[in-house]
Amino acid sequence: MKNILIFTAILIVFSCSVWAQDPTFVNPKAPKVKQITSTMRVPTGNDMNQQQIFYFNSNGELDSISTIGFGGRHTTPYPIPDTKEHHKSSNGLIDTAFAGGKIYEITIYDPDGDKEENHTFNTHTGQLSSSIYMVYRKPHSLSMEKTFVFRNGKVFNIYYFTINKKGQYVKQEVYTPDERLITLTKNKFNSKGLQTKSIRTQYDDNGAVESRYTQESRYTYDKEGNWISMESYYNGKLVSTTTREIIYW
């Protein structure tokens, strides 16, 4: 039981990471994909397995996702309909969304159509939940995001994301409200655009290293250059294997 809890905790860390590998990621030069069946297994037994089936239309766009796991089978159609009410400014650069008559989100765009700011609100309390500010190296090429996360109306954490020219999130820094570094995560990607390594360092109140872990991913590919197996390691120990069965149009 202890081992199961440890592996579960590790998997939660991986699944919450913004750099967790997208199971729909495909080689843009490969034929269009019709269906991907992704199955994740962990060494602790079959009861930890989870399967997702991704269905695509003839244009290669995601059509629906079926998830088979602890809660049975659940299918979600895509794109998910936007049921919010939107009010846009006269110049179209500010989009205010309402849910249930209460403000949910404010998005500010620049003249190039890129998001500059995004603010979300708790529709129950009306308080600000998060604020994201984007910086671009040129139109449509994001270089950095700064995110403020709020709790009870106050800043809880500040996140800095560094993005390279390929759109890959290569670094994440997490700070306290007084700008003390808590966590630093650095990521590496291979020539196919897949994340291969993530090193996360945790710091104590004095700025000394408190802990460090390394996540590595190792892939095998089909003849079209799409990955069909991914082994995930935590500090050198195998924690999960994800396989993909890909059907092409």
Side-chain angles (χ1 to χ4, degrees), residues 7-8 10-84 86 97 107 113-115 118 140-142 161 163-170 187-198 215-234 238-249:
F7 276 111
T8 301
I10 292 170
L11 291 171
I12 289 172
V13 170
F14 288 167
S15 63
C16 291
S17 169
V18 295
W19 298 283
Q21 184 58 55
D22 179 2
T24 66
F25 187 95
V26 294
N27 177 6
K29 297 181 180 180
K32 290 180 181 178
V33 170
K34 183 176 184 179
Q35 179 180 315
I36 296 176
T37 301
S38 175
T39 305
M40 185 183 71
R41 297 179 175 86
V42 299
T44 51
N46 293 332
D47 59 331
M48 295 288 287
N49 293 349
Q50 178 175 300
Q51 185 178 80
Q52 289 182 299
I53 305 175
F54 303 88
Y55 301 93
F56 300 82
N57 60 28
S58 57
N59 293 322
E61 301 165 331
L62 185 62
D63 188 65
S64 65
I65 299 176
S66 289
T67 301
I68 305 169
F70 304 119
R73 181 172 184 144
H74 177 73
T75 300
T76 303
Y78 276 78
I80 298 176
D82 184 0
T83 59
K84 297 184 290 295
H86 291 265
T107 305
D114 293 315
K115 289 183 181 180
N118 180 264
H140 318 312
S141 181
L142 188 63
F161 300 95
I163 302 121
N164 65 17
K165 293 181 179 180
K166 296 180 180 179
Q168 298 162 339
Y169 285 68
V170 293
N187 303 280
K188 294 183 178 181
F189 299 80
N190 63 17
S191 60
K192 296 180 182 295
L194 297 168
Q195 179 192 330
T196 56
K197 193 172 187 178
S198 178
Q215 175 194 350
E216 293 182 87
S217 297
R218 303 173 187 175
Y219 303 90
T220 57
Y221 305 88
D222 65 10
K223 64 180 182 179
E224 304 296 348
N226 285 319
W227 70 270
I228 53 175
S229 176
M230 177 181 67
E231 292 182 335
S232 295
Y233 293 82
Y234 176 84
L238 179 66
V239 294
S240 70
T241 300
T242 301
T243 57
R244 297 199 307 174
E245 296 180 14
I246 303 176
I247 299 175
Y248 296 93
W249 283 97

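We're numbering straight along the sequence, starting at 1.
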Distance-minimising heavy-atom pair for S66 and Y55 = OG-CE1, 3.8 Å

Do the side chains of Q215 and Y234 get nearer than 4.5 Å, heavy atoms only?
-> no

Please examine the side chains of K192 and N27, heavy atoms only from C-beta on, and report whether any two atoms are closer than 4.5 Å.
-> no

E245 atom CD, neighbour heavy-atom count above 12 within 6.0 Å | no

Output for pair (M40 CE, T242 OG1), nearest 0.5 Å, gives 6.0 Å

Using the test salt bridge (Lys or Arg N to Asp or Glu O under 4.0 Å), find all partners of K188 that sit at least two apart in sequence or belong to another chain.
-> none

Side chain to side chain contact (heavy atoms under 4.5 Å, CB included) evaluation trace for Y248 with D222 = CA-CA 12 Å; Y248 296 93; D222 65 10; 2.6 Å; yes

Hey, could you give me the CD1/CZ distance between I246 and F54, rounded to the nearest 0.5 Å?
-> 11.0 Å

Of all heavy-atom pairs linking R244 and P23, the shortest is NH1-O, 2.5 Å

Shortest non-hydrogen separation from P77 to T75 and the atoms involved = CD-O, 4.0 Å

Rounded to the nearest 0.5 Å, how far apart are OG of S38 and CD1 of I228?
-> 12.5 Å

Got K115 and T107 here, is their nearest side-chain heavy-atom distance under 4.5 Å?
-> yes

Set of side chain to side chain donor-acceptor pair (under 3.5 Å) partners for D63, sequence neighbours left out = none

Nearest non-hydrogen partners of F25 and G193, listed with the distance = CZ-O, 3.8 Å

Worked check of side chain to side chain contact (heavy atoms under 4.5 Å, CB included) between L238 and R218 = CA-CA 10 Å; L238 179 66; R218 303 173 187 175; over 6 Å; no

Quick one: side chain to side chain contact (heavy atoms under 4.5 Å, CB included) partners of S58, sequence neighbours excluded?
-> W249

So, do R73 and I53 sit near enough that their side-chain heavy atoms are less than 4.5 Å apart?
-> yes

Examine K166 relative to F189 and say whether NZ or CZ is less than 6.0 Å from the centre of the six-membered ring and inside a 45° cone about the ring axis.
-> no

Verdict with supporting geometry, V26 and I36, side chain to side chain contact (heavy atoms under 4.5 Å, CB included) = CA-CA 10 Å; V26 294; I36 296 176; 4.0 Å; yes

Sub-4.5 Å side-chain heavy-atom contact between F56 and K32 | no

Contact check, side chains of I65 and T24, non-hydrogen atoms, under 4.5 Å | no

If we ignore angles and hydrogens, is there a donor and acceptor under 3.5 Å between the side chains of T241 and E231?
-> no

For Y219 and Q195, work out which heavy atoms get closest and say how close.
-> OH-O, 2.5 Å

Please assess Y169 against L142 for the test side chain to side chain contact (heavy atoms under 4.5 Å, CB included), listing each intermediate value before the final yes or no.
-> CA-CA 10 Å; Y169 285 68; L142 188 63; 4.0 Å; yes

